Every structure is written in structure tokens, then in C-alpha cells.
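This is a predicted model, so every value here is computed, not measured. Chain identifiers are assigned alphabetically (A, B, ...) following the order of the sequence lines, protein sequences preceding nucleic acid strands; residue numbering begins at 1 within each chain. These numbers come from the heavy atoms of this one structure, side chains and all, not from hydrogens, waters or symmetry mates.
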Amino acid sequence: MQVYLEDLNEQQRAAVLHINGPLMIVAGAGSGKTKVLTTRIAHLMHQGVDPFNILALTFTNKAATEMKERIERILGNNDARNLYIGTFHSVFAKILRAEATKIGYPSNFTIYDTDDAKSIIKEIVKDLNLDDKIYKPAFVYNRISAAKNSLLNAAAYINDSVIQQEDARGNRPMIGEIYLRYENKCFKNGAMDFDDLLFKMFTILHAAPDVLAKYQHRFKYILIDEYQDTNVAQYQIIKMLGAVNENICVVGDDAQSIYSFRGATVKNILQFEKDYEDTKVIKLEQNYRSSKSILEVANTIISNNKNQIKKSLWTDNEHGEKIKVVRTLTDNDEGRFVADTITELKLRNHYDNKDFAILYRTNAQSRSFEESLRKMNIPYKLYGGVSFYQRKEIKDLLAYLRLVVNPNDEENLKRIINYPVRGIGKSSIDRMVLAANTHGITMWEVLQTPTSIGLKGAALAAAENFVVMLKSFQSMLEKENAYDIAFAVGKQTGLVAELYNDKSVEGLARYENIQALLNSIKEYTETPDEEGELHDKSLGNYLQQITLLTDVNNDDADKDAVSLMTIHAAKGLEFPCVFSVGLEENLFPSAMSLYDRADLEEERRLFYVVVTRAKSKLWISYANTRYRFGSLIQNDPSRFLDEIPEPYLDKTFTGSASKSNNSGLGIQFRADDKTPSSLKKLSEKIQQQAIPAHTPSANFTIADPSEIEVGQKVEHQKFGIGTVSAIEGASNNRIAHIDFGAGNGLKKIMLNFAKLSIVK
DNA sequence: TGATGCTAACTTTTT
DNA sequence: GTTAGCATCA
């Protein structure tokens with residue numbers, strides 16, 4: 001038996017050894033799904049399958065990189081570089097680059113990110129004299145995106161009576177028209193948005209039988225990761241590509257389907273067996289990641305969902321600790337609690353920073369954690385948020401580079417035609433746009449004959465100089481690599497100098513960002529290609545890749561730092577210690593999801609995902625109040641808290657943070673009619689714990705937590721007078737054991753949060 | 001015409 | 001609390 005087969009369990013090995021024919025692997029969280037996929041690919045190659053014939057598709061760059069690395073480790077050589085492995089978007093972009101001319105697109109098409117797309121939509125809304133309060137760019141974009149993911153073009157959208165009724169009911173009957181104009185504009189600009197990379201891929205395979213045959217023949221083996229997250233477009237493409245050989249292997253877990261907002265549909269999993277009669281189904285149900293407690297909690301949570309494929313995930317791992325539920329007064333307290341706890345655990349249990357992850361529902365929640373971690377000098381890595389490539393100065397330089405490759409791209413042309421300022425003002429630009437629209441040509445073409453639109457004097461000279469400059473960059477395309485062109489652009493446009501001369505703090509940061517971008521381009525040109533087939537370090541090839549990256553290449557990936565990210569971004573990852581934060585109604589579950597069963601179930605799957613990221617320690621926290629839109633709001637604890645079975649819960653930290661009365665910031669577990677029944681149950685539980693009999697004495701003064709010592713008599717606002725019997729924990733995160741005698745008994749109280757008065 | 005300062009809108013989640 | 005977009009001023 002091959003070495004790589006030895007540490008697989010029976011089901012895993014069966015999945016690896018199944019070579020020909022359709023295969024569906026239903027893989028629970030932590031069941032070794034990536035291991036199976038990578039071993040399977042290594043095994044195929046070991047059996048003599050040419051890596052050029054293997055296509056492996058993932059959803060994130062992170063997952064693709066990790067897969068590639070693991071395959072290389074198994075193989076012990078670099079044959080893996082010949083595999084077609086990457087995200088749906090990046091692999092299709094590469095293929096489209098070779099085939100786009102078949103549907104009238106230039107091969108050097110530009111890829112628009114979400115911001116680019118929204119600003120075009122905004123312009124169209126303006127051109128149509130529509131109210132942008134009703135036709136919000138984000139809303140229209142989502143609508144168009146959903147249509148594309150269902151393989152509906154603008155014409156089909158307009159002809160679909162159901163969609164038209166929907167839009168009419170939503171008082172937005174013009175979305176179809178906007179879509180049509182958007183579609184035309186992108187085509188004219190030689191640009192595709194993210195969804196087009198799927199849609200146009202489908203279009204080509206559908207329209208050009210020779211292309212379809214070519215890739216059907218090439219991809220003899222197809223592997224799809226996270227199949228539960230595929231949408232209609234992806235499903236159809238895979239189906240077409242795999243139709244000849246039917247060697248399709250999909251891996252998925254319906255319990256972890258969290259991308260329906262992007263058009264993903266679990267139906268694709270259920271459909272798979274119907275599409276391929278002789279599908280072999282293998283279930284991976286042994287979890288190797290988490291403790292029994294964590295897994296039990298996860299299983300219980302997910303069982304609350306009605307729609308799911310039945311499976312029973314189990315583990316041989318030890319029982320482990322209870323799940324710690326933490327209540328804090330504010331979002332800042334939540335941040336402090338997490339930072340304090342990390343500090344303490346590093347001291348006490350010798351954990352590294354990289355063993356911790358703080359996972360939240362929305363990116364906006366990262367602030368309080370960043371602050372508290374910085375204060376405690378804990379290094380952290382923030383994933384997501386505003387990406388490096390979305391910063392203005394980066395987009396400016398990239399706009400030039402894109403324009404050099406594709407001068408018809410009007411959006412990027414407009415972005416930089418007068419930046420840095422070169423005397424091409426608004427009125428000149430307006431004339432160009434007008435001329436371009438009336439003659440059905442592009443702005444770049446108008447620019448070739450600037451006198452034809454009546455430019456004269458300084459404006460004429462400026463326009464001519466701009467054209468000459470851009471053409472000089474274009475002449476470099478053939479011979480020079482991406483870095484040389486980027487450097488020349490930065491220098492000759494005056495863009496780098498402009499930032500260099502800005503000596504403000506922000507200006508300095510922008511200058512550094514531009515340098516970082518140039519360095520990363522340099523690194524790109526100096527790193528050998530992974531495909532092996534072509535050593536294409538051209539600017540065009542560079543730009544192709546860059547738009548699909550969400551982050552700067554993490555060469556500091558092994559840096560010892562706490563990870564901060566959304567739960568979505570954490571899928572597929574695991575950490576010894578996980579803080580699942582912000583478990584509050586309206587936040588998690590999100591306010592957008594409360595009125596629809598399917599949406600709420602997706603939130604619950606998200607909760608399932610976050611719980612199953614943890615190997616041994618899991619904290620779940622919520623704050624009574626937090627800042628949102630600049631003002632303080634109160635949220636009830638999340639209904640999901642009530643779905644955690646009691647025996648697995650450690651609520652030590654929930655009872656000590658509230659004030660004695662029902663005023664001010666103290667939590668008030670309302671039991672009125674508005675409160676969901678699940679919350680009532682939870683509030684009853686907690687109210688039973690707290691005995692509100694005690695009234696604080698008149699001279700009650702809150703003591704500094706560091707003054708509390710063993711043996712002292714202290715007064716608690718709620719529990720009354722007690723004696724400190726022991727203190728545990730680090731100096732900044734001490735927990736006092738206080739005996740409040742009959743009635744309240746022994747309590748563990750976190751000194752950072754509790755308000756105690758020393759009784760003299 | 002460009003920079004500065006104020007108001008409003010903003011928060012799901014990602015390629 | 002943050003940022004984008006608009007209005008106002010130099």
C-alpha cells in the first residue's frame with residue numbers, strides 16, 4: 001500500500017481509490033475533506049494520470065493554495081504545478097483569456113470588481129434620470145448578479161414575466177433596462193465583472209462546440225470543493241465539462257452551506273445523484289478536529305434546521321471542556337475580555353497567538369477587538385475588510401495599467417485622465433463622452449482626434465500629451481515585463497511623485513502602499529510560473545490575476561498572530577481556541593434574516609460553522625449594548641444561545657456583569673410579548689441564577705479590581721456581602737471566588753467586570 | 001477649478 | 001464610528 005494511503009480511515013481511503021465515474025463525498029466538518037481531495041489528486045497522478053488532465057476548483061484562493069501545497073508535500077516533487085487548480089473565477093478567467101474572442105470579447109479583457117460595477121450602475125441610473133434612492137447601486141448590482149448567476153442575460157431578464165412582476169412590485173421596473181445598458185457598457189469597455197467570469201464561460205461552452213470539446217477532452221478528472229456553495233452557473237458549467245468522461249468528484253456538506261446570498265443552492269448536492277445514475281456516495285462522518293463537547297453542541301445546533309441531509313458526526317477525541325458563554329456590558333468590554341483571556345491563556349497554557357481566532361458575523365465588528373489587542377500588545381492578522389486592492393491610490397495605479405492593456409476601458413480612463421492633474425477638465429471630458437456616445441465609439445478613439453470635438457489651446461495640448469504618454473506605455477507591452485511598465489507608469493505620470501510630496505500621515509501611508517504594490521509586482525515578475533507551460537510575466541497576465549485576489553499575498557502567513565475574520569472567511573479553517581463573538585439578536589442572526597425560515601436556517605448553519613472551527617476551547621460572547629451607526633443600541637442575546645444544550649455550557653461569566661436594578665446599562669431580559677419564546681426560556685434561566693434581593697448600601701463605592709485580595713469582605717450590588725476565598729487568573733484578568741453565604745453561595749466573579757465594594 | 005468641511009448613509013456575508 | 005458625496009469657500 002502507498003504511504004499516503006496509510007493514515008486514511010476506511011471511507012477516506014474508498015474516496016481516494018475510487019478513480020473512474022461520478023463520486024459524491026458528503027463530508028462533515030473536520031472529517032478530513034481536504035486531506036481526501038489532495039490525496040485523491042496525488043493518487044490519480046501516481047496512477048499515471050497527467051496533471052494537465054486534472055481540474056480542481058475551490059471557492060477561495062486560500063483553499064486553492066493550501067491544496068496545492070499539500071499535494072506537493074504528498075508527492076515530494078513539483079509535478080503539482082501542472083494541475084489546473086484554483087478558484088472557479090481564476091480558472092475560468094484563464095480559460096476566457098484564451099477563448100473570449102469567440103464571443104467578441106478581447107483576450108485582454110479587464111475584470112471589474114464590485115466597486116467598478118457599482119459605479120457604472122450609478123452612472124447609468126443617473127443617465128436614465130432615475131432616483132438613486134430607489135435604484136440604489138448595491139441593490140441593482142445584487143439583482144443583476146443574481147440574474148447572471150442564474151444564467152439570465154439582460155434580454156432574458158426583461159422577457160421574464162415573473163422577474164418583471166417582482167421588480168414592478170418593488171417599484172423598480174427599470175432594473176431590466178439598467179441591466180441592458182450595463183451589459184452593453186461592459187462589452188463596449190471590453191470588461192467582465194466577477195459574475196461574467198462564470199456566465200461568459202458558460203456562454204462560450206454553449207456557443208462554441210469546438211471549445212467545449214477541447215476542455216471536455218482536457219479535463220479528464222474534475223474535482224469540486226465545497227459543492228454545496230455552487231450556484232446554477234457553476235453547476236451547468238461543471239455538468240458540461242464533465243459530460244464526456246463523467247469523472248466528477250464533488251465534496252460537500254449541506255450543513256455548511258452559507259452562500260445562498262450569492263446564488264448558491266444546496267439543490268446541487270441533491271441533484272448530483274439524479275444527474276449521474278451510477279454515482280458512488282461516500283460519507284465522512286468521523287470528526288478529527290474537535291472535542292466531544294464541541295461536536296455535540298454543533299450537532300445539536302444543526303438539528304434545529306428542518307432542511308438537511310441526515311448524518312451523524314462523531315469523534316474519538318476526548319470530551320474536553322464546556323463551552324464558555326460570556327456576557328459583557330458593551331462591545332468594548334467584549335473586546336477587552338477576549339484580549340485579557342488570550343493573554344492569560346498564553347501565560348497559563350503556553351498557547352501561541354496563532355492558536356486563537358476571533359470570528360464575527362460582520363466586518364464592522366473587528367474594531368473593538370483590534371483596539372483591545374493593540375492595547376495588550378497582541379499581534380493580530382485581520383482578514384477581509386477593506387482590501388488592499390480597493391484603496392484609492394492602488395486603484396489609481398492599477399487603472400493606468402489596465403488602460404495600457406485595454407485602452408477601451410472607459411471607466412478606468414475617466415478615473416485617471418486628469419489624475420494627477422494635467423489640465424483635462426470636466427468640460428473636456430464631457431465633450432469626449434458626448435462624442436463617444438453619439439458616434440458609437442470609445443472615448444479612447446475620440447481622444448485620437450481631439451480637434452474633432454473642438455479642443456484647443458491648453459486642453460488640446462494636454463489631451464495630445466496624454467495620448468502620446470499612454471501609447472509610449474503600450475509600446476512597452478511587447479518587450480517589457482509587468483514591473484518595468486508599472487514602474488514607468490508610476491514615474492512618468494507623476495503619480496508616485498504626487499504621493500511622495502504629500503507629507504501628511506495619510507499621504508505617507510499612501511506612498512508606502514504604492515511602493516508595496518510595486519514591490520509585489522516585482523516579486524510577481526521574479527517568481528517562476530506555476531503552470532510551467534508559459535512564462536508569461538506580461539502586464540496583461542499580471543492584471544488578470546490581481547483582480548481576483550482579495551488580499552495582498554500573505555507571505556507573513558506563518559507569522560504568529562491572532563486571526564480576526566468573518567465566519568464566512570473562516571470556513572475550512574480550524575483553531576485550537578475560538579472566540580465566537582457578537583451572539584446577539586439582529587446581529588447574529590442578522591436582522592435581515594429574521595423573517596424568513598430559509599434565511600434563518602442559513603444563519604444557524606453559520607453558527608454551526610463557527611462552532612466547528614474550534615478544536616478544544618470555545619467561547620461564545622455577547623454584549624448587552626454596542627455602538628452601531630455611532631449610537632448605543634441594546635440587543636437581546638442571540639436565540640442560538642438557547643439552542644446549546646445545558647450540560648455543555650459553562651455560564652460562569654454571564655452572571656457577574658449586570659447592575660442590580662433595571663435601569664441604565666444593566667441587562668433587562670424582557671419577557672413581554674415581543675420576546676421570542678426561546679429567549680424567554682433563556683431569560684428565565686438567567687434570572688433564576690441572579691437573586692435580586694440585595695440592595696446596595698449607601699456608602700457603596702466601586703473598588704479598583706487590583707485591590708481585591710483573599711480574605712477580604714466585599715459587597716456585591718446583587719449578591720450582597722461575601723468573603724473572598726480564592727483568586728485565580730493573571731493580574732489583568734483575575735477571577736475571585738466569593739462566598740456569599742446562604743442564598744447566593746459561592747460565586748466566581750471576574751474582577752474586571754464586577755462592581756465590588758470593599759467592606760471595611 | 002480645487003480643497004476643505006459638513007452631512008447623511010451606512011452594515012450582512014465574497015469571488 | 002466611519003466614509004462617501006456634496007456644498008461652500010478661496
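Put simply, the residue from A:Leu359, A:Ile620, A:Val581 that forms a side chain to side chain contact (heavy atoms under 4.5 Å, CB included) with A:Val610 is A:Leu359. The only option from A:Asp409, A:Asp113, A:Asp116 that meets the salt bridge (Lys or Arg N to Asp or Glu O under 4.0 Å) definition with A:Arg402 turns out to be A:Asp116.
Classification of the A:Phe261-A:His568 ring pair by plane angle, with boundaries at 30° and 60°, yields perpendicular. Between A:Tyr84 and A:Phe219, the angle of the ring planes goes over 60°, which puts this pair in the perpendicular group of the 30/60° scheme.
Taking only side-chain atoms of A:Arg367, from C-beta outward, the nucleotide of B:dG2, C:dG1, B:dT13 with the closest atom is C:dG1. Considering only side-chain atoms of A:Ala569, the nucleotide from B:dT12, B:dT14, C:dG1 that sits closest is B:dT14. With C:dT2, B:dT14, B:dT15 as the choices, the nucleotide that has an atom nearest any side-chain atom of A:Phe194 turns out to be B:dT15.
In this structure, A:Asn231 atom CG and B:dT15 atom C1' are separated by 11 Å, rounded to whole Å. At whole-Å resolution of the value, CD1 in A:Ile567 and C1' in B:dT12 are 11 Å apart. A:Asn149 has its CG atom 14 Å from the P atom of B:dT15, to the nearest Å. For the pair A:Glu226 CD and B:dT15 P, the interatomic distance rounds to 12 Å; values are reported in whole Å. Remark: P of B:dT1 and CG of A:Asp430 are 10 Å apart, rounded to the nearest angstrom. Rounded to whole angstrom, the span from the CD1 atom of A:Ile424 across to the P atom of B:dG2 amounts to 12 Å. Between the CG atom of A:Asn418 and the P atom of B:dA3 there is a distance of 10 Å, given to the nearest Å. As rounded to whole Å, 15 Å separates atom P of B:dT13 from atom CE of A:Met565.
Using modelled atom types, one side-chain atom of A:Thr65 and one backbone atom of A:Asn61 make a donor-acceptor pair closer than 3.5 Å.
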Test salt bridge (Lys or Arg N to Asp or Glu O under 4.0 Å) applied to A:Glu601 and A:Lys306, step by step
CA-CA 8 Å; A:Glu601 293 209 342; A:Lys306 282 196 175 144; over 6 Å; no

Please list, for nucleotides 4-8 of chain C, all pairs of protein and nucleotide N/O atoms separated by less than 3.5 Å.
from, atom 1, to, atom 2, distance (Å)
C:dG5, OP1, A:Lys122, NZ, 3.2

Protein N or O to nucleotides 7-11 of chain B N or O, pairs below 3.5 Å:
from, atom 1, to, atom 2, distance (Å)
B:dC10, OP1, A:Lys136, NZ, 3.3

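Figure legend: A:Arg262 and A:Tyr259 shown as a cation-pi pair, the cationic atom lying under 6.0 angstrom from the six-membered ring centre and within 45 degrees of its axis. Cation-pi contact between A:Arg172 and A:Phe139: present, with separation from the ring centre below 6.0 Å and deviation from the ring axis of at most 45°.
Contact annotation: A:Thr566 reaches the phosphate of B:dT14 (side-chain N/O to OP1 or OP2, under 4.0 Å).
Taking both residues in full, the closest heavy atoms of A:Ala264 and A:Asp229 are given as CB-O, 3.2 Å, listed atom of the first, atom of the second, then distance.
The P atoms of C:dA4 and B:dT13 are separated by 15 Å, rounded to the nearest whole Å.
Atom CZ of A:Phe369 and atom CD of A:Gln365 lie 7.0 Å apart (nearest 0.5 Å).
Of the two residues contacting DNA chain B, namely A:Val421 and A:Leu606, the nearest-nucleotide position lying further toward the 5' end is that of A:Val421. Nearest-nucleotide positions on DNA chain B for A:Thr87 and A:Glu603 put A:Glu603 closer to the 5' end.
Residue contacts shown for A:Tyr259 are limited to sugar-phosphate atoms, with no base heavy atom under 4.0 Å away.
Applying the 3.5 Å distance criterion, the base of B:dT15 shares a donor-acceptor pair with the side chain of A:Thr114.
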